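All remarks here apply to the structure that follows.
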Protein chains: 2
Amino acid sequence: MTNHPDDTIASRISRALADRIISGELAPGQRLRQDHVAEEFGASHVPVREAFRRLEAQGLAVSEPRRGVRVASFDLREVREVAEMRAALEVLALRHAVPHLTPAILDRAAAATAAADSSRDVRSWEAANRAFHRLILEPCAMPRLLAAIDDLHAASARFLFSAWRSSWEARTDHDHRAILAALREGDGDAAMAILGRHVQWIGRTPVRNATGETREVFSIVG
Amino acid sequence: MTNHPDDTIASRISRALADRIISGELAPGQRLRQDHVAEEFGASHVPVREAFRRLEAQGLAVSEPRRGVRVASFDLREVREVAEMRAALEVLALRHAVPHLTPAILDRAAAATAAADSSRDVRSWEAANRAFHRLILEPCAMPRLLAAIDDLHAASARFLFSAWRSSWEARTDHDHRAILAALREGDGDAAMAILGRHVQWIGRTPVRNATGETREVFSIVG
DNA sequence: TCGGCAGAAATTATCTATAATTTTTGAGCC
DNA sequence: GGCTCAAAAATTATAGATAATTTCTGCCGA
């Protein structure tokens, strides 16, 4: 087996499952059976169990002792909760990042925004959006804070994908441009204010499902 | 083996180790060897490994693949980071809790404050302090937020114990009383402002170590 | 005396096997 | 026809065993 160093089987399984949960391939409430997962990855169930624990900590799965693990469900309450936590923590991160932001970083963030705007599908849009946020927040150099924000981004992405799974249209992110403009002018407070609102923006979106019906779905955007 | 329902061996080990790390019984950087822990708890190493994953997620331990698990170290930077994260998240929680606070809850919070003031040792002070914060924040009914705050409290307690391990003197917590007073008057904004400052308060404290020397130690308080 | 290099010991990560619990299935009964 | 209870199947949780990696130890040579 090709074992890259610094990479354990458990972490590979954890990442793969996280990706499926986030993309919606694994539905909320769905049971995760350790032997099945183990067989699929050609491993035994011991690393699978460790992967489950990590998913649990990330809030992507819930475990009931002796009754198995399920994909975490989520409702509008939780969408709001994650959005508000992100707003609080990303604003905090930005406050500390501002003194260390360089024009080069802002240029890369602008490129990420452009990439998001020209995305043809949700997945690449989400990746570009995440890159933007990470770029402007990373200079805060607070690893624990950044890790927490990453987990919240994963949760956000679940909601995003669940809303826009079928239909997707490119949008232009004015907030991102406004944040960059404020940062370029050295107005950190304004950037923080926009970011805080931006992350909490929750919209109603009409979504067409497989049978052609249209229903309104709440979704997080920033 | 007496297996209480809803309680797995891994979670018991995890709680026990977390307690030792927080109390300082296990020093930062110290290696945690799975076989030794397994033997001590009369279990095999599989649940021990799962406990390690949980501690890792809580930020109490760090793991390097194939090189084992160590108690997470912490420095002043991280103390500040945790304090600021707590401030951001606890203020958010309080904002949502305020509409659901009842006089009965505030009375219990006042009792917790009194218990803290009359504590004779750090450990009971910390428990009472934690109870105060949980009481006024729990009504926000945001489980993910509360879980994140709990983990940050655990990290805070590490710093607290490391500073006051040897010497401890009872203090009166004026901030807690001010927060309660503001809440009783219905002034949620004032309570949030005080809480935000309170949690971030980091003091220099002279600490006497075993050899009788005195040195200054940073410590978190709220 | 110090640094580097075997070999040994310890430790981690994984797999296979076993025990215990939960869920499912199906026969018997009302 | 639907309900109840028990046996069977599936699944989880833990234990014991194995392979691979890392760390320690002591020796040799510069």
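Throughout, protein chains are lettered first and strands after them, A, B, ... in sequence-line order, and every chain is numbered starting at 1. No experiment lies behind these values; they were computed from the predicted model shown.
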ask   = For B:Glu39, does the CD atom sit with more than 12 other heavy atoms under 6.0 Å from it, leaving out its own atoms?
value = no

query = For B:Gln34 and D:dA17, what is the distance between atoms CD and C1' respectively, to the nearest whole Å?
reply = 14 Å

task = Take atom CG of B:Leu32 and atom C1' of C:dT12, then tell me their distance rounded to the nearest Å.
result = 13 Å

query = Is any side-chain nitrogen or oxygen of A:Arg33 closer than 4.0 Å to OP1 or OP2 of D:dT11?
reply = yes

ask   = Is the phosphate of C:dA10, meaning OP1 or OP2, less than 4.0 Å from a side-chain N or O of B:His36?
value = no

ask   = How long is the line joining CD of B:Glu50 and C1' of D:dT14, in whole Å?
value = 9 Å

query = Think B:Thr8 has a side-chain N or O under 4.0 angstrom from the OP1 or OP2 of D:dT14?
reply = yes

note = B:Arg66 has its side chain closest, among D:dT21, D:dA13, D:dT12, to D:dT21

message = Keeping B:His100 on the side-chain end and B:His96 on the backbone end, is there a donor-acceptor pair under 3.5 Å?
response = yes

inquiry  = Checking contacts here: which listed nucleotide (D:dT14, D:dT21, C:dC15) is nearest the side-chain heavy atoms of A:Arg49?
reply    = D:dT14

query = Between D:dT21 and B:Arg67, is there an OP1 or OP2 to side-chain N/O distance shorter than 4.0 Å?
reply = no

message = Expressed as a whole number of angstroms, how long is the span from A:Asp35:CG to D:dT12:P?
response = 6 Å

request  = Map B:His45 and B:Arg31 onto DNA chain C by nearest heavy atom, then report which one ends up closer to the 5' terminus.
outcome  = B:Arg31

ask   = Once you round it to whole Å, what is the distance between P of D:dA13 and CD1 of B:Ile13?
value = 14 Å

ask   = Within the distance-only criterion (no hydrogens, no angle test), does the side chain of B:Glu84 pair as donor or acceptor with the backbone N or O of B:Gln200 below 3.5 angstrom?
value = no

remark   = From CD of B:Gln30 across to P of C:dT11 the rounded distance in Å is 13 Å

inquiry  = What is the distance, to the nearest angstrom, from the CD atom on A:Glu39 to the C1' atom on D:dT12?
reply    = 16 Å

message = Against A:Asp150, only a single residue in A:Arg86, A:Arg130, A:Arg134 fulfils salt bridge (charged side-chain N to carboxylate O under 4.0 Å, His left out); can you say which?
response = A:Arg134

request  = To the nearest Å, give me how far apart CD1 (B:Ile9) and P (C:dT21) are.
outcome  = 12 Å

inquiry  = Measuring from the side chain of A:Val46 (C-beta onward, heavy atoms only), which nucleotide among D:dA15, D:dT11, D:dA13 has the closest atom?
reply    = D:dA15

key: Donor-acceptor contact below 3.5 Å, side chain A:Thr102 vs main chain A:Ile105   = yes

